[in-house]
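Report on the structure given below.
First listed ligand is number 1; within each ligand, the first listed atom is number 1. We use all heavy atoms of the structure for the numbers below, so side chains are in, but hydrogens, waters and symmetry mates are not. Computed from a predicted model, the values in this text were never measured in an experiment.
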Amino acid sequence: MSAYLRSAAEDPIRRRDGEPVAISVDGERLTGVQGQSIAGIILATGRLDWRVTSAGSRPRGVFCGIGVCFDCLVTVNDEPDVRACLRRAVHGDVVVQQHDPLPTPVEGSIDG
Ligand code: FES
């Protein structure tokens with residue numbers, strides 16, 4: 001049987017809605033479906049950024065979407081530096097944005 005003759009219900013890679021999950025993002029309750037990444041749930045609300053850079057406080061959200069750039073870092077359940085694009089949302093996750101200030105130069109170092 002050709003793949004073109006399959007009905008949508010028989011398509012093995014069709015979209016399957018999972019169980020709903022609810023997470024808290026900066027105090028706001030957001031809902032998604034089981035298997036969806038934290039970034040996916042946030043992006044679905046129309047929000048494009050959720051942290052700022054240490055230098056210049058520039059907004060960041062998803063850039064690569066595959067876990068390479070670390071632009072999407074968030075704190076999840078008190079665990080910092082979680083890549084929102086890779087982490088699947090779990091019902092009840094508490095997500096907060098993080099801002100890491102630049103380290104202060106040590107006196108006597110090359111920079112200080
Ligand atoms: S968007 Fe690049 S690591 Fe998450």
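- Screening residues 46-62 for salt bridge (charged side-chain N to carboxylate O under 4.0 Å, His left out), with sequence neighbours left out, gives D26-R47, R51-D71, R60-D71.
- Within the structure, the salt bridge (charged side-chain N to carboxylate O under 4.0 Å, His left out) test picks out the following pairs touching residues 72-84 (sequence neighbours left out): E79-R87.
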Practice item. In sequence, state the C-alpha distance, the side-chain angles, and the governing distance for I42 and L30, and then conclude on side chain to side chain contact (heavy atoms under 4.5 Å, CB included). Key: CA-CA 7 Å; I42 298 172; L30 303 181; 4.3 Å; yes
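- Proximity of I23 to V94: side-chain heavy atoms (C-beta onward) are nowhere separated by under 4.5 Å.
- Closer than 2.8 Å to atom 2 (Fe) of ligand 1 sit the protein N, O or S atoms C64 SG, C69 SG.
- Formation of a donor-acceptor pair under 3.5 Å by the E28 side chain with backbone atoms of V25 is not found in this model.
- Under a 4.5 Å side-chain heavy-atom cut-off, the cluster of Ile, Leu, Val, Met, Phe, Trp and Tyr residues that includes F63 has no other member.
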